[in-house]
Enquirer: 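Here it is, the structure in full.
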Amino acid sequence: MNDSDGGLAVQAVGLVKRYGKVTALDGFDLEVTRGSVHGLLGPNGAGKTTAVKILTTLIQADAGTATVAGADLRRDTQEVRRRIGLAGQYAAVDEILTGRQNLEMFGRLFHLGSSRARARAAELLEQFALTAAADKGVKEYSGGMRRRLDLASSMILAPQLMFLDEPTTGLDPRGRGEVWEAVRALVRQGTTVLLTTQYLEEADQLADRITVIDRGRRIADGSPAELKRQIGGDQVEVTVLERTDVAAAEAACAAVSELTPLVDPDRRRVIVPVEQQLDALAEVARRLQAAGVEVEDVGLRRPTLDEVFLRLTGHPAEDETPAQDEPQPEGVAR
Amino acid sequence: MTTDLRPQQRSSAYWAVVDSWTMVRRGLLYYVRQPTTILWQLGFPIVSVLLFVYVFGSAMNIGDGADYTSFAMPGMFAMTMAFGFMNTAYAVVLDKEKGVTDRFRSMPMAPSAVVSGRGFGDVLGAAVDLLVLAMIALVIGWRSDGTLLETLYAFFLLLWLRFALIWIGIWMGLGVKNTEAAGNLFAVAFPFGMISSVFTPPSMMPDWLGFIAMWNPVSSTATAIRELFGNPAPVGGSWIEQHAQLMALVWPLLITAIFLPMAVRRYQRLSR
Ligand SMILES: Nc1ncnc2c1ncn2[C@@H]1O[C@H](COP(=O)(O)OP(=O)(O)OP(=O)(O)O)[C@@H](O)[C@H]1O
Ligand SMILES: [Mg+2]
C-alpha cells in the first residue's frame, strides 16, 4: 500500500493508447484530488472511455503510469480492483435477474460470502430507493432505475473511488436528476468520484474540478468557475448584414472583453465571452451604431459545447484536421 | 451502514472454485426466472425431429426395415448438443455487449471464473435440455435397449460433445461484434449439425457429402449413442464409422485441446 501520494485519488502521467492507426489517448495526464468530484469533459471520441477503461484495469495502456486509489495500476491490479467501483457507459447489470439477485451475485464475487452479500444487497437497495422493485426482473426497470442499480452494483465494497462513464447519457431529465442525486449521496459518504460527460451542464452541476479532454490529450483543467470564466460564460454574439462589416464588428467586440473574439466570416458572425453581460452588450451595440454597421442580430448567449471546444482547441469538435498550435485556453487560434 | 465490507481472505484456488460456482448459479437462476427459455432453445430440435419423423419419416428408408423414429431420436439429441454452442456464443456476446463482462473484469474476482463458470453452467443447462428431450422422445415412442450403464454413458458422451463445443462458443462469442452478428452463427451451426448422420446415414448421401458427414464429429457421437441405446445405427465400412465409440471420446478432446486455449486467449486479449 502506498498512500504517500499527496492526497491524490488518481495520478496518471502520459497515458498512451493506440488502436491501429487511431490514437485514442495521446499522452494523457490526470490528477484527481481525494474526496472531490472530478469531471472529465470531452466530445465524442475524445478518449474519455479509453481513459476510464485504463484506470479501471480493463485495458492496458501502451505507455504511461498511473496510481489509482493509492495502488499502482500495473503492479497491484487486484488491489486497484478492490478499491474502485466502475459504472460503465452502459448500465452493466444482468437483465434477466432481479435487482436483488444482481446485487447478491456481485456481492459474492466481491468475496463477501453469501450472508453478507445478502445483507449488503438489502442495504444498497434501500439506499438507492430500489427496495420496492427489488424482486422484479431488471428488464422491467426504467432507465433511471437501471442506472441506479448499476451504481449500487459498483458500490458493493463502498469503494473509495468511483468511476462513472457518462452516467446520464440516454436518460430523460427525471432519470438524470435521480442519478445526480445518487452521485451526490456518494460524495456525502466521502467517495471520490471521477465522472465523464459530454455535457458542460452536468460537469458544472456535479464537479468540483473539470478536466477537458480532446483527441486524447488534456487541454484544460480547473474549477467550473475558472473554466466558465475562460470559456463557458455568457457571450455577446453579433451577426452583421454585410461581410465587409465583419472587421468592424470584431473591433467592437474586442473592445468589451479581455478575450479575443471568435470570427466566422462565412456566417458574418463574431462571438466574444464577456463578464458584465448587459454592460458589454450595450457597449457593443453603441459601438456598432457609431460605426454605422447594419446588424442582422445581436444578443447574449450561453456558449454551446461546440463553441467551448472551438475556443479551447481552435478546432470544432467534429473537425478532423489536427490543431496546428498548442492549445491556448485564453485566446483563439484563428 | 452495518455490513462488514472486508472481503474474506482465502486462497486463490478457493476463489477460483467459489466464483465459478457463483457464475454457474447465475445460469441456473435464469432457468428459474425464465423457464420458457428452455422451450425456445429446444424449439428448433423438437420441430425438426417432428418434421422428420412425421412428415418425411414414412418416406425415409434407412435400410433393414429399421424404425426411423428410433434412428432419428438419438440424432436429435446429438444435434441439440451440436447447436448448443450457439447458446454459449449468444450468452457471451450478450454479456460483452451489455458491459457485464467488463464489470466482472473490473472486479477482484478470480479471472478464470468468467470462462469456467460459463463452461460448467452450460453443461448443466445441456443436461436439463437432454432431460426434456428424452422425455419427449419417450412419448414419441423411442426406447433405450441398452443397460442402465450404457444408457448413462451415452448421455455422458452427449454432454462430452457439448462441453467441447463450449470453447468454440466462447471463442466465437468473443469474436463477433454484437448479438445481431451472433445470429449469423446459425449459418455455421446449421451445416455442422445437419451434414452428419443425425437424420440420414452418410452412406445414403452423395459420395463427397457422405464423406464430410462421416468425419463430422457430430456423426461419431450420434453413431456411438445409437449403438449404446441399441437403436438402429446403419454404418458403412469406413474406418471412421467403424470407430464411432473411440471417436466420440477423441473428437471432443481434440476440439477442447484446440479451442479452450484459443477461447482463453481471446478473453485475455480483451484487455488490449
Ligand atoms: N476497441 C477499439 N478499437 C478501435 N478504436 C477504438 C476502440 N475503442 C476506442 N477506439 C477509438 O478511440 C477513440 C477514443 O474513443 P473513446 O471511446 O475513448 O471516446 P469517448 O470520449 O469515450 O467517446 P464517446 O463520447 O463517444 O463515448 C475514438 O476515435 C474511437 O473510435
Ligand atoms: Mg465513451
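By convention in this document, chain letters (A, B, ...) are assigned in the order of the sequence lines, proteins followed by strands, and residues within each chain are numbered from 1.
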Enquirer: Name the region of A:I54, side chain, backbone, both or neither, that has any atom closer than 4.5 Å to a heavy atom of chain B.
Expert: neither

Enquirer: Does any backbone or side-chain atom of A:T77 lie under 4.5 Å from a heavy atom of chain B? Answer side chain, backbone, both or neither.
Expert: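 For A:T77, neither part sits under 4.5 Å from chain B.
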
Enquirer: How about B:D4 and A:R116: do any of their side-chain heavy atoms sit closer than 4.5 Å?
Expert: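 A side-chain contact exists here, since the closest heavy-atom pair is under 4.5 Å.
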
Enquirer: Minimum heavy-atom separation for B:V100 and A:D94, please, with both atom names.
Expert: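 Shortest heavy-atom separation between B:V100 and A:D94 comes out as CG2-N, 4.4 Å.
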
Enquirer: Looking at NZ of A:K53 and CG of B:L270, how far apart are the two atoms once the value is rounded to the nearest 0.5 Å?
Expert: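 Reported to 0.5 Å precision, the distance equals 9.0 Å.
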
Enquirer: Against chain B, label A:Q78 side chain, backbone, both or neither, depending on which of its atoms sit under 4.5 Å from a heavy atom there.
Expert: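 Both the backbone and the side chain of A:Q78 come within 4.5 Å of chain B.
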
Enquirer: Looking at every heavy atom in both A:F110 and B:P7, which two are closest together, and how far apart are they?
Expert: O-CB, 3.8 Å

Enquirer: Sort B:Q34 into side chain, backbone, both or neither according to what part of it lies under 4.5 angstrom from a heavy atom of chain A.
Expert: side chain

Enquirer: Given heavy-atom pairs under 4.5 angstrom as the criterion, report whether the side chain, backbone, both or neither of A:E95 touches chain B.
Expert: side chain

Enquirer: Could you grab the distance from atom CZ of B:F104 to atom CE of A:M105, nearest 0.5 Å is fine?
Expert: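 Atom-to-atom, B:F104:CZ and A:M105:CE are 4.0 Å apart.
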
Enquirer: Return the CZ to NE2 distance between B:R10 and A:H111, rounded to the nearest 0.5 Å.
Expert: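 The NE2 atom of A:H111 is 10.5 Å from CZ of B:R10, to the nearest 0.5 Å.
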
Enquirer: Return yes when atom CZ of B:R265 has more than 12 non-hydrogen atoms of other residues, nucleotides or ligands closer than 6.0 Å, and no otherwise.
Expert: no

Enquirer: I need the minimum non-hydrogen distance between A:T98 and B:R33, along with the two atoms involved.
Expert: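 Answer, listing the atom of A:T98 first, then B:R33: CG2-NH1, 3.2 Å.
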
Enquirer: Name the member of A:N102, A:D150, A:V80, A:L157 that forms the most heavy-atom pairs with chain B at distances under 4.5 Å.
Expert: A:D150

Enquirer: Give, as side chain, backbone, both or neither, the part of A:Y19 having an atom under 4.5 angstrom from any heavy atom of chain B.
Expert: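 It is the side chain, since no backbone atom gets that close.
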
Enquirer: Working to the nearest 0.5 Å, report the span between CG of B:D102 and OG1 of A:T56.
Expert: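 Answer for the CG-OG1 pair, B:D102 versus A:T56, is 8.0 Å.
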
Enquirer: Need one label for A:D62: side chain, backbone, both or neither, based on atoms under 4.5 Å from any heavy atom in chain B.
Expert: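 Contact with chain B involves no heavy atom of A:D62 at all.
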
Enquirer: So how far is it from B:S106 OG to A:L58 CG, rounded to the nearest 0.5 Å?
Expert: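 Between B:S106 OG and A:L58 CG, I get 5.5 Å after rounding to 0.5 Å.
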
Enquirer: Identify which part of B:L94 has an atom lying under 4.5 Å from any heavy atom of chain A, answering side chain, backbone, both or neither.
Expert: neither

Enquirer: Please determine, among A:G88, A:G113, A:A61, the option with the most heavy-atom pairs under 4.5 Å with chain B.
Expert: A:G113

Enquirer: Checking A:R120 side chain against B:L5 main chain: does a donor-acceptor pair fall under 3.5 Å?
Expert: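 Looks like no, no N/O pair under 3.5 Å.
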
Enquirer: Please check if the number of heavy atoms outside B:F155 that lie under 6.0 Å from its CZ is greater than 12.
Expert: yes

Enquirer: Using non-hydrogen atoms only, which part of B:R105 is less than 4.5 Å away from chain A: side chain, backbone, both, or neither?
Expert: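 Both backbone and side chain.
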
Enquirer: Please report the closest heavy-atom contact between B:G99 and A:A92, naming both atoms and the distance.
Expert: O-CB, 3.2 Å

Enquirer: List the atom of A:Q101, the atom of B:L29, and the distance in Å for their closest heavy-atom pair.
Expert: NE2-CD2, 3.7 Å

Enquirer: Using every non-hydrogen atom in the two residues, find where A:L109 and B:M109 come nearest and quote the distance to one decimal.
Expert: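 That would be O-CB, 3.6 Å.
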
Enquirer: How long is the straight-line distance from CZ of B:R25 back to OG of A:S114, given to the nearest 0.5 Å?
Expert: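 It comes to 8.0 Å.
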
Enquirer: I need the residue from A:E126, A:E104, A:Q60 with the largest number of non-hydrogen atom pairs under 4.5 Å to chain B.
Expert: A:Q60

